[in-house]
Amino acid sequence: MAGTDVRPTVLIVEDDPSTLRLLSSIFRDSYDLVVATEGREAYAVARAEQPDLMLLDLNLPDIDGLQVCRTFKAEPDLQHIPIIFLTGDQNPATEEKGITLGAMDFVTKPFTAAVLQARVRTHIDLRRKTMALETLAGTDALTGVPNRRSFDEVAEREWRRMARERSPLSLVMVDIDHFKGLNDTFGHPFGDHVLRRVAAAVREQLRRPGDYLARFGGEEFVLVLPATDRNGAGTVAENVRLAIGALRFDDHPGAADLRVTASLGCSTDGEPKRDVDGIAALLSAADQNLYRAKRSGRNRVENSPAAAVSDETSAR
Ligand code: GH3
Ligand code: MG
């Protein structure tokens, strides 16, 4: 997606050549324009270009514009794109449908250039402000748990705090097993649903006030456990593994028998003295254990001391 310092990109999805020419002349001075003349093409262009906004004609040759909107709102990599419908249809029911599906705005033809420009500008500004706030807020929009940026701050702070207090600090990396296959089988929106359920299940296993969970990226989560030794981290990790394995998805067609598992890698330092030289090294030790858990069959916790892991790595 375009950052705040570059020209925004607008995707126009319109099959009628004269409307397309008109829209291009209205917007080409202010935005980079990309065009699709069919619904199916819109998905591909949007994925490739990550536009800041989409102007969507309601009547397309292949797929109904409302259906295109519905699909966009269900796809994790497309759902954030603001959509403005363009239509010759004055029917309020159609407008209501579009807005309910998640479109930002509805503009009926014929429109004036000034009004359309103003609306597009408003929604692009809004989208950019929302993005900036999400990052500042440190929250992952999909799962509602802290994001990577927040983790970096918290982990660094806890690292220093535990050093001061001469107390151990543990990390646990959690990576869902064969998640790609799950997406492929059940679709991306269901994959998102599973991520939310997993995040909630992991969060429930954290009992102490200082315990902290973040989404590290994709299907990977990370726990920060202050004042927790190796044994304690192993126990928390095992409880998390069991809680994820206990999730059921009966309410989704075809997913009643689905069992989701995860592999977990732990690391601990400061027990009693500091052996690794910073939070990055502690994270890398947890990651190496996660890799071992994957390699030795998945759905398990690996909690070997960092030294043992690096010995093994260097022996390889
Ligand atoms: P492994 O057991 O080795 O961890 O295999 P895996 O399939 O879980 O791991 P891999 O890294 O091959 O694939 C991770 C997948 O997670 C691929 C990516 O499409 C999916 N993914 C990442 N982020 C999201 C997301 O936000 N939503 C959904 N639905 N899927 C996501
Ligand atoms: Mg995985």
Side-chain angles (χ1 to χ4, degrees), residues 1 43-44 46-48 50 70-81 102 127 130-131 134-135 137-152 171-203 205 213-223 237-238 240-249 251-255 257-267 283-304 309 312-313 316:
M1 179 169 332
Y43 307 134
R47 283 213 166 81
Q50 291 290 312
R70 192 179 289 121
T71 304
F72 265 72
K73 292 303 154 189
E75 294 289 323
D77 52 344
L78 301 177
Q79 63 190 190
H80 57 274
I81 301 169
R127 167 71 200 141
T130 308
M131 275 167 59
E134 274 173 5
T135 316
T139 304
D140 170 54
L142 178 68
T143 60
V145 305
N147 61 16
R148 173 68 185 270
R149 181 178 185 274
S150 160
F151 164 79
D152 287 341
L171 298 181
V172 181
M173 298 282 300
V174 184
D175 186 298
I176 304 176
D177 296 327
H178 303 305
F179 193 65
K180 193 171 179 308
L182 188 149
N183 268 330
D184 293 347
T185 309
F186 296 98
H188 226 94
F190 182 76
D192 285 353
H193 170 73
V194 171
L195 284 173
R196 283 189 213 101
R197 295 278 309 275
V198 167
V202 177
R203 190 166 42 196
Q205 296 309 312
L213 159 71
R215 184 173 178 203
F216 194 70
E219 23 76 85
E220 223 175 342
F221 296 89
V222 61
L223 308 181
E238 182 60 15
V240 164
R241 187 185 71 80
L242 293 171
I244 293 172
L247 287 173
R248 294 294 176 265
F249 302 90
D251 45 346
H252 281 260
D257 294 331
L258 176 68
R259 300 291 177 267
V260 176
T261 65
S263 302
L264 297 91
C266 311
S267 63
L283 193 61
S284 144
D287 204 46
Q288 286 181 53
N289 267 338
L290 170 61
Y291 177 69
R292 296 175 97 202
K294 290 279 181 195
R295 212 179 34 186
S296 50
R298 294 181 171 78
N299 189 19
R300 67 192 62 212
V301 173
E302 191 61 57
N303 192 13
S304 315
V309 176
E312 184 188 280
T313 315
R316 250 188 305 172

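Atoms considered below: every heavy atom in the structure, side chains included; atoms not considered: hydrogens, waters and symmetry mates. Note that ligands are numbered from 1 as they come in the structure, with each ligand's atoms numbered from 1 the same way. Numbering of residues begins at 1 and proceeds along the displayed sequence.
Considering backbone and side-chain N/O atoms, F179 comes within less than 3.5 Å of an N/O atom of ligand 1.
Using the six-membered ring where Trp is involved, H193 and H252 have ring planes that are tilted, between 30° and 60° apart.
Under the 3.5 Å distance criterion, with hydrogens and angles disregarded, a donor-acceptor pair is assigned to the side chains of Q50 and H80.
Between F190 and F249, the distance from one ring center to the other falls under 6.0 angstrom.
By the 4.5 Å heavy-atom criterion applied to side chains, L195 and F221 are counted as neighbours.
Short contacts between ligand 1 and G218, defined as distances under 4.0 Å to a heavy atom of the residue, involve ligand atoms 22 (C), 23 (N). Applying the 4.0 Å criterion to heavy atoms of G191 picks out, from ligand 1, the atoms 29 (N). The contact set between ligand 1 and R298, taken as ligand atoms under 4.0 Å from a residue heavy atom, comprises 1 (P), 2 (O), 3 (O).
Listed for the N289 side chain is a donor-acceptor partner under 3.5 Å among the backbone atoms of S304.
At a distance under 4.0 Å, a protein heavy atom can be found next to atom 3 (O) of ligand 1.
Between atom 11 (O) of ligand 1 and the options R295, E219, H188, E220, the minimum heavy-atom separation is to E219. Ranked by closest heavy atom to atom 30 (N) of ligand 1, the top entry among L142, N183, D192 is N183.
A salt bridge between D177 and K294 is present, with a side-chain N of the basic residue lying under 4.0 Å from a carboxylate O of the acidic one.
When heavy-atom distances to ligand 1 are checked against a 4.0 Å cut-off, R215 comes that close only through its side chain, counted from C-beta outward. By the criterion of a heavy-atom distance under 4.0 Å, the side chain of D175, and not its backbone, is placed next to ligand 1. Only side-chain heavy atoms of L195 come within less than 4.0 Å of ligand 1; its backbone N, CA, C and O stay farther off.
Among all heavy-atom pairs drawn from A74 and Q79, the shortest one is C-NE2, 4.2 Å. Closest of all the heavy-atom pairs between G138 and S150 is O-CB, 3.5 Å. Between N183 and G191, the closest heavy-atom pair is OD1-CA, 3.5 Å. Considering every non-hydrogen atom in both R203 and G144, the closest pair reads NH1-O, 4.4 Å. Between L264 and A293, the shortest heavy-atom contact is O-CB, 3.7 Å. Residue K73 comes nearest to G102 through the heavy atom pair CE-O, 3.5 Å, listed as atom of the first residue, atom of the second, then distance.
The nearest protein atom to atom 5 (O) of ligand 1, hydrogens excluded, is given as H178 N, 3.5 Å; this is a heavy-atom distance. Of the protein's non-hydrogen atoms, the one nearest atom 12 (O) of ligand 1 is K180 CD, 4.1 Å. Protein heavy atom nearest atom 1 (P) of ligand 1, with residue, atom name and distance: K294 NZ, 3.4 Å.
Of all protein atoms, those of element N, O or S that lie under 2.8 Å from the Mg ion (ligand 2) number 3.
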